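Read the structure below first, then the notes.
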There are 2 protein chains.
Amino acid sequence: MRHLLVLKYIEKIARTGSLRSAAEELGITASALNRRILGIEQELGVEIFERHPAGLRPNIAGEILLKYIRDQIADMDRVKSRIADLSGMRAGHINIATTREAVAYFLPALIKRHLAEFPAVTFGVNIYERGEAEISLLDNTNDIAIVFEPIHLREMQTVYTGTQQVFCIMSADHPLAERQSIKIYDCIDFPLLLPKHPEGIRLVLDATAGKIGITLEPALESNSLNLLRLMSQDSEALSFSLAINLRPDLGKDRLISVPLDMGGVHAGNLVAGHLRGRTLPIAAARFLETVNKNLSISFS
Amino acid sequence: MRHLLVLKYIEKIARTGSLRSAAEELGITASALNRRILGIEQELGVEIFERHPAGLRPNIAGEILLKYIRDQIADMDRVKSRIADLSGMRAGHINIATTREAVAYFLPALIKRHLAEFPAVTFGVNIYERGEAEISLLDNTNDIAIVFEPIHLREMQTVYTGTQQVFCIMSADHPLAERQSIKIYDCIDFPLLLPKHPEGIRLVLDATAGKIGITLEPALESNSLNLLRLMSQDSEALSFSLAINLRPDLGKDRLISVPLDMGGVHAGNLVAGHLRGRTLPIAAARFLETVNKNLSISFS
DNA sequence: TAAAGTGTTGCAAAAAATGCAACACCAGAA
DNA sequence: TTCTGGTGTTGCATTTTTTGCAACACTTTA
């Protein structure tokens, strides 16, 4: 709830005891946070925090306000819960069709978060080869499709469409590791670990190579993206990954990722949507909205 | 309070029933307001207004939200007054509910004097029809009620109660002008200028007349007490006024006032108080005490 | 059919929030 | 003392958000 933001800021400061620590936890700057507080204090005409060298501590006015804030946040939660009850997004089953690329880290995290808010919702996640996910919407086998480079876009009502940057994954001590970005041309001197053909990312890579008149000759082909990535470890071999599929803790495997400059070739589209003309059950619609929001934020 | 802005927007729309009318009252554009609503609805994942050709009407989710909003706004007011209290009880906002009879000369003078002593206090004076002022205490719209002949006395904690002498106002050269007091019986031969019905003083006059078996037939009815008074000027017509509403400088308009002997009928009560069971903010409590003191001194 | 009301949306301008960097201050350690 | 590491604050350029204008699509009423 956006209108509670400022209140949550205040609450966080009261809990951490200092502007800077609160700011860090909130993911904003101390200065921004500070000005928010100064603004509130000006609105109230009273200071709500005592300024100590060690940080901020609520004064009596602050304590009164904090009580209000905590109540208000709790009340809002209750309101949201009641609204969720009567609009039916509380319960239901959601079947999701997706491709291997999209599913690795993004979807599990998202489902987990959604489940925290709507525990009674159940999920089915079904992985398809390129092109098949969209088809599966036709007979309502699945409610939502999240796919990379869809083939049957006509059948879909898309809610989110966005390009996905391709990253090249390599060992941390690889000759190319220092680069800000690399071109496909730079890659051909090293062993290439590529996904098998119908995979969307392979398509994009082949197109990029084709543009400059070369053919990619993979040292290893597999449809296990994880296998490909691990093969890069401690070798000169290169593998590739979409932004959405990039593991957050690559460093732990002594790997790093470098964006691939595709030289004007259209980076592939990631698409989320449902069957055209179908009105989704509320639970599914709600989740799709969450998907859309998160994709938009993560890959802008 | 800035963070309540959006909430107040919603509340306003619910009250006016349409985007455009609400926008106008709020001093913004319909489009801006509309986007605010769309934003909230997206945040909640649910629509909160039904779209009718005639305008917007809250749906069930909206009603739930509205309850929350009204509570939060009221709570915030309470917080602000509590905070004002502890900053030396010299500041605060006082909302006063009253009826037309009580407000003309007494209240302005009192507020003026109070303001001289407590310049940081701000006032809101709201005039209601008979019976409505007390009701307005219930939702904390007003802190203090000063009313003549209240209907809903149960809801009120009265601080002052006292009868109000009724005066008959007439031209200075009126045949009755020399009297020490007059009876209602004396009046019926002259044109009567009476307030309209729900007005408390009219009630008292009717009761007095009823006791001796006559009905008052007004030459003019109005709910502007000032108009009635001025109509008495240079004519034989009689108007009536409560002691509290008696203008100090009647002589300037060539008018005089003569007490009305009501022949045993209970003169109406003037009551000042607040919502039963509520502890007033200090600023309001303080003003109510001033009201009490002045009423007690003036009409003993 | 025309008029007057409704909500909605694209686009450019205005306003608000933010991050960066520097500052001033204080407590405790060297 | 002087230095270090912590605090909150502020000016400025930038980014993000909000807003108003105008036009649109739609429904009800005259």
Side-chain angles (χ1 to χ4, degrees), chain A residues 1-59 61-62 65 157-162 289 292-300, chain B residues 1-59 61-62 65:
Chain A
M1 278 307 86
R2 201 175 175 95
H3 80 277
L4 291 176
L5 248 192
V6 204
L7 305 189
K8 287 182 176 164
Y9 285 179
I10 296 175
E11 214 275 335
K12 178 70 84 179
I13 293 176
R15 207 134 34 113
T16 64
S18 104
L19 208 53
R20 289 183 134 97
S21 54
E24 188 179 8
E25 288 193 32
L26 292 167
I28 59 173
T29 337
S31 71
L33 187 53
N34 179 42
R35 268 186 278 242
R36 273 260 152 87
I37 300 306
L38 294 178
I40 287 281
E41 290 185 329
Q42 189 169 16
E43 269 190 308
L44 286 172
V46 190
E47 291 202 342
I48 57 175
F49 286 108
E50 294 168 357
R51 270 68 169 177
H52 293 130
L56 298 183
R57 157 175 320 184
N59 62 17
L65 188 65
Q157 176 94 300
T158 68
V159 171
Y160 169 87
T161 305
E289 206 30 63
N292 176 27
K293 202 188 306 173
N294 277 274
L295 284 175
S296 302
I297 292 173
S298 304
F299 314 105
S300 55
Chain B
M1 280 303 87
R2 196 167 184 103
H3 80 277
L4 291 175
L5 248 193
V6 205
L7 304 189
K8 287 181 176 167
Y9 285 178
I10 296 175
E11 214 275 336
K12 178 70 85 180
I13 294 176
R15 205 131 37 106
T16 65
S18 106
L19 209 53
R20 288 183 134 99
S21 53
E24 188 177 8
E25 288 193 32
L26 293 168
I28 59 173
T29 335
S31 71
L33 186 54
N34 179 42
R35 269 184 279 240
R36 273 263 152 83
I37 299 305
L38 294 178
I40 288 281
E41 290 185 330
Q42 189 168 14
E43 269 189 308
L44 286 172
V46 190
E47 291 201 343
I48 57 176
F49 286 107
E50 294 168 357
R51 270 67 169 178
H52 293 130
L56 298 182
R57 158 175 320 182
N59 61 17
L65 188 64

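Convention: sequence-line order gives letters A, B, ...; per-chain numbering from 1. Computed from a predicted model, the values in this text were never measured in an experiment. Just so you know, these numbers use all the heavy atoms, side chains as well, and skip hydrogens, waters and symmetry mates.
For DNA chain D, the contact window with chain A, defined by any atom under 4.0 Å from a protein heavy atom, covers D/dT7 to D/dT18 in 5' to 3' order.
In this structure, the side chain of B/E41 does not engage the main chain of B/V46 through any donor-acceptor pair within 3.5 Å. Using modelled atom types, one side-chain atom of A/S18 and one backbone atom of A/S21 make a donor-acceptor pair closer than 3.5 Å. Panel note: side chain A/R51, backbone A/F49; a donor-acceptor pair is recorded below 3.5 Å. Although no hydrogens or angles enter the test, the distance criterion places a donor-acceptor pair under 3.5 Å between the side chain of B/N59 and the main chain of B/E47.
Under 3.5 Å, the side chain of B/R20 and the base of C/dG7 form at least one donor-acceptor pair of N or O atoms.
For A/R57, the side-chain hydrogen bond (donor to acceptor under 3.5 Å, both in side chains) criterion is met by no residue, not counting sequence neighbours.
Under 4.0 Å is where a charged nitrogen must lie from a carboxylate oxygen, and between A/R2 and B/E43 no such pair does. The pair A/E24-A/R20 fails the salt-bridge criterion, with no side-chain N (NZ, NE, NH1 or NH2) lying under 4.0 Å from an Asp/Glu carboxylate O.
Residue A/L33 comes nearest to A/L19 through the heavy atom pair CD2-O, 3.5 Å, listed as atom of the first residue, atom of the second, then distance.
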Between the protein and nucleotides 14-19 of chain C, are there any N/O to N/O pairs under 3.5 Å, and if so, what are the atom names and distances?
residue	atom	partner	partner atom	Å
C/dT18	OP2	A/R36	NH1	3.3
C/dG19	OP2	A/T29	N	2.7
C/dG19	OP2	A/T29	OG1	2.3
C/dG19	O5'	A/T29	OG1	2.8
C/dG19	N7	A/S31	OG	3.3
C/dG19	O6	A/R35	NH2	2.7

